[in-house]
2 protein chains.
Amino acid sequence: MFALHTRQYLLMTKAETTRLGILQKAFGLIYRNGYQATSIDDILVDSPVTKGAFFYHFKNKEEMGLAMIQEIMYPGMYDVMIKPLAGSANPVQEIHLMMTNLFLKVPFFEVKYGCPAVNLIDEMAPLNAAFHKALGKLITEWQQAMETSLGNGKAAGIVRADVDPKQVSCFIAAGYSGIRNMGKLLGTPCYTSYLHELKNYLTRLQ
Amino acid sequence: MFALHTRQYLLMTKAETTRLGILQKAFGLIYRNGYQATSIDDILVDSPVTKGAFFYHFKNKEEMGLAMIQEIMYPGMYDVMIKPLAGSANPVQEIHLMMTNLFLKVPFFEVKYGCPAVNLIDEMAPLNAAFHKALGKLITEWQQAMETSLGNGKAAGIVRADVDPKQVSCFIAAGYSGIRNMGKLLGTPCYTSYLHELKNYLTRLQ
DNA sequence: AACTAAACATACTAACCAGTATGTTTGCAT
DNA sequence: ATGCAAACATACTGGTTAGTATGTTTAGTT
């Protein structure tokens, strides 16, 4: 996850490499410490990039943050959270599999630090309209993907007719976001506990 | 919610009033802007309290933050989240009622800014051990209360025998925490949507 | 080789921050 | 009323912050 989605390093110009390097370093720090608590100087420490280069590539810190969401976070989350749901035969199974992978198979994520997207929503959505919009796109598309998947399940007769896909996808997304938060306090055990109960919940939709 | 739980103003010494005033002002600002983004100067702006008074009552910013959790947040949450669950006849009903009140009847909370406890967990749990501990107490006790309530429900035959109270209370707490996060992006509609699906989920536990 | 714009590098600034040093006022016991 | 500690008030400090001003290097074109 959060691998390169632009062209490979070898095919990139030097300028593109520095820009991407800034975004990746920023992403790592912001994930652990938060956006506001991460200074530009922090991003440049132990890095060949200087402040001049930073402000050549980005007008200000906010513009860098938005680029980070769109160019690092969005592609990364798309691969693990949205792509696996496309064209699924059994939504109940696929959603649970996607979640299991998300919690246990993404090496970058650390329980202690939760989910980068959830963190950024919590911190920045109320404070900055541009961040609000960019982050809204992330979770809306995820919810859409689950909603469509559940709709397909209903059409195929796998999912019960009285299930409201929009409502259920919202409920599931909330569970994910929340357990990422609680994991910061309770550690991995609550992940597995959550996944078990999610399984129960999903099964009862069939 | 978040009313006084110490003795009334009239019975308080001037010093106690100042101290409490600082904590309440800090709570309001930290709720909206975050702990790290709220400076001590911010807390003292438009206030009769000066910096000298602040550092007379608190050793440093961290100590004030911890006092805020214990003296403002904990009592406030106890009243709305834990007390209503004690000695409940029907846990399924009581939990849903508690949540409904929590989302729609607490005037202090604003959708845009989520839940103060969830916010603080997200920001501070990974960064500060003392905050981690104080906040852990909050949600652990809440989970405990729900767990006990569900256990009683099982004993009374209202809740199904195959329900795992600990697992379910974790699942429910995660849902709450998560929808507070999502509400920052999607507004009140997702609150009602969540409450409906929570009702469905809880009903299936009977 | 010469020119030029892109891509940096260095040094600085004004504002802000938590915390301190040092002073003054207030309330209360005697 | 006087003494004295509690409860402040004011002025400062050293470090950090986003951003700027200004200079230098690099790479591609002609």
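Within every chain, numbering begins at 1; the chains are lettered A, B, ... in the order of the sequence lines, protein sequences first and strands thereafter.
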Measure from the ring center of Phe109(B) to the ring center of Phe103(B) and say whether it is less than 6.0 Å.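 Not close enough - the centres of the two rings lie 6.0 Å or further apart.
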
Output field: ring centroids Tyr176(B)/Trp142(B) closer than 6.0 Å: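 Yes; Trp142(B) has its ring centre under 6.0 Å from that of Tyr176(B).
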
Pairs where residues 121-141 of chain A contributes a residue and the test ring pair (Phe, Tyr, Trp, His ring centres under 6.0 Å) is met, not counting sequence neighbours: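 Only Tyr35(A)-Phe131(A) qualify under ring pair (Phe, Tyr, Trp, His ring centres under 6.0 Å).
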
Cationic tip of Lys137(B) within the cone over Tyr74(B)'s six-membered ring, i.e. under 6.0 Å and within 45° of the normal?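 Ring-cation test returns yes.
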
Identify, with sequence neighbours excluded, every residue that meets salt bridge (charged side-chain N to carboxylate O under 4.0 Å, His left out) alongside Glu141(A).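 For Glu141(A) there are no salt bridge (charged side-chain N to carboxylate O under 4.0 Å, His left out) partners, ignoring immediate neighbours.
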
Identify every side-chain donor-acceptor pair in residues 44-59 of chain A under 3.5 Å, counting partners at least two apart or on other chains, and give the distances.
from     : atom 1 : to       : atom 2 : distance (Å)
Ser47(A) : OG     : Val49(A) : N      : 3.1
Lys51(A) : NZ     : Asp41(A) : OD1    : 3.2

Mark up nucleotides 13-20 of chain D, 5' to 3', with B wherever a protein heavy atom is under 4.0 angstrom from a base atom, S wherever such an atom reaches only the sugar-phosphate, and - elsewhere. ----SBBB

Partner residues of Gln93(A) under the side-chain hydrogen bond (donor to acceptor under 3.5 Å, both in side chains) criterion, sequence neighbours left out: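 Partners of Gln93(A) by the side-chain hydrogen bond (donor to acceptor under 3.5 Å, both in side chains) criterion come out as none, since no residue qualifies.
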
First and last nucleotide of DNA chain C, 5' to 3', lying under 4.0 Å from heavy atoms of chain B: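 With heavy atoms of chain B under 4.0 Å away, the range is dC17(C) to dT20(C).
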
